[in-house]
Amino acid sequence: EIGGVRIGKDDVVRDDPTNNVPDSIFSKLGLQLHRRDQHPIGILKNAIYNYFDANYSAKFVKFDDLCPIVSTKANFDDVLVPADHVSRSYNDTYYIDAQTVLRCHTSAHQAELLRRGNTHFLVTGDVYRRDSIDSTHYPVFHQMEGVRVFSPNEWEASGMDATTYAAEDLKKCLEGLARHLFGAVEMRWVDTYFPFTNPSFELEIYFQEKWLEVLGCGVMEQEILKRSGNLDKVAWAFGLGLERLAMVLFEIPDIRLFWSSDERFTSQFSKGQLGVKFKPFSKFPPCYKDMSFWISDSFTENNLCEIVRAVAGDLVEEVQLIDNFTNKKGMTSHCYRIAYRSMERSLTDEEINQLQGNVREEVQSKLNVVLR
Ligand code: PHE
């Protein structure tokens, strides 16, 4: 259900040749995990709302029901994504038709909300990306976007230039948010690039012996403000990944668990309880299957992963390239290791052999590769 309207896969054009949205993705539209107060994603959203309400006396207007089906203009053009940027490719983004996508970030709503005159807002929603498969990547996840617009009088008094003022305010705001959510946690700022902000930063948090990127942010490109009728203003924006943060806060080891309706998962969380540590209820062993093939020029790992997910659904935990070589004739071979593991039960050999057999057949028939 989106904005009170049920959306089924027949409600959107599906026979468009440019449509690359599989049924497994359509079935996620409207589930809105971020609007469930008892779900880790909803609990986290509410905790972030609390931080902004407490520190900005409820100035931030919240949107969490904007439709994830957006125009390429909103998703890319309005936030200045260059015409040749990889994120526009069919390999990275789900297209419903040539002008319509499943939003790949909540930044898709920035320009419109600015045009409507908003100066402080948070947008939460499901976002969609074609990607590889491992414990922290899933083709549907949730983001929260934050935008704050400043008027000249706000920075003029500080003696700083507008950009410095906005960047400092942004970092202070997000460091405060990180402390509100995590208490003491190791974090670091990394300079980066986004088409829509300059300067741009990423915040990383140390988790399970790795630096985990949890948000992107920066000072909004002046062009976006200008086009939305905010000529003399400056603004900051951030976009944070709710799953990444929730995995750290609740110690949820695998991103697939967020989609589980197993009571042993769902019953562990309650409204307002941020950071209750998840107790794993299963440690079923993974089963590994290797598959080698000669690739063609059109091969991409994202296409392979989509096929594996279409066959094995949430039983696939990871798809990893373990060998890659080119022979004297110039043919390139890839070997992928697929890890199968259920979060809920143990899988039988028979079941896994069946899945792997189906994966091989689908790969052979859809990917233009030669199995070895
Ligand atoms: N849209 C960016 C992403 O999805 C995050 C971001 C939002 C970065 C706003 C800067 C400003 O990765």
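Each ligand, and each atom within it, is numbered from 1 in the order the structure gives. Every heavy atom of this structure was used, including side-chain atoms; hydrogens, water molecules and symmetry mates were not.
Atoms of ligand 1 lying under 4.0 Å from any heavy atom of His105, numbered from 1 in the order shown and given with element: 1 (N), 4 (O). For ligand 1, the atoms sitting less than 4.0 Å from at least one non-hydrogen atom of Ala237 are 9 (C), 11 (C), numbered in the order shown with element in parentheses.
Considering backbone and side-chain N/O of Glu145, none are found under 3.5 Å from N/O of ligand 1. Checking only distances, Ser107 does come within under 3.5 Å of ligand 1, N or O to N or O.
Taking the six-membered ring for Trp and the full ring otherwise, the centers of Phe141 and Tyr128 sit at least 6.0 Å from each other. In summary, the aromatic rings of Tyr90 and Tyr94 are positioned with their centroids too far apart to meet the 6.0 Å limit.
With respect to atom 7 (C) of ligand 1, the closest heavy atom belonging to the protein is Gly239 N, 3.2 Å.
Residue contacts with ligand 1 for Phe196 involve side-chain atoms from C-beta outward but no N, CA, C or O (heavy atoms, distance under 4.0 Å).
One option in Glu202, Arg129, Arg103 has a heavy atom closer to atom 12 (O) of ligand 1 than any other, and that option is Arg129.
In this pair, Phe121 and Phe63 present their aromatic rings perpendicular. The plane angle is above 60°, beyond the 30 to 60° band. Ring geometry for Phe60 against His120 counts as perpendicular: the plane angle is over 60°, on a 0 to 90° scale with 30° as the lower cut.
Within the structure, ligand 1 lacks Glu213 among the residues with a heavy atom less than 4.0 angstrom away. Ligand 1 lies within reach of Gln143, whose nearest heavy atom is under 4.0 Å from it.
Checking Gln143 against His105 by side-chain atom types alone, no donor-acceptor pair falls below 3.5 Å. In the model, Thr72 has no side-chain atom that pairs as donor or acceptor with a side-chain atom of Arg88 under 3.5 Å.
Summarising the geometry, atom CG belonging to Asp254 is positioned 11.5 Å from atom CD belonging to Glu243; distances are rounded to the nearest 0.5 Å.
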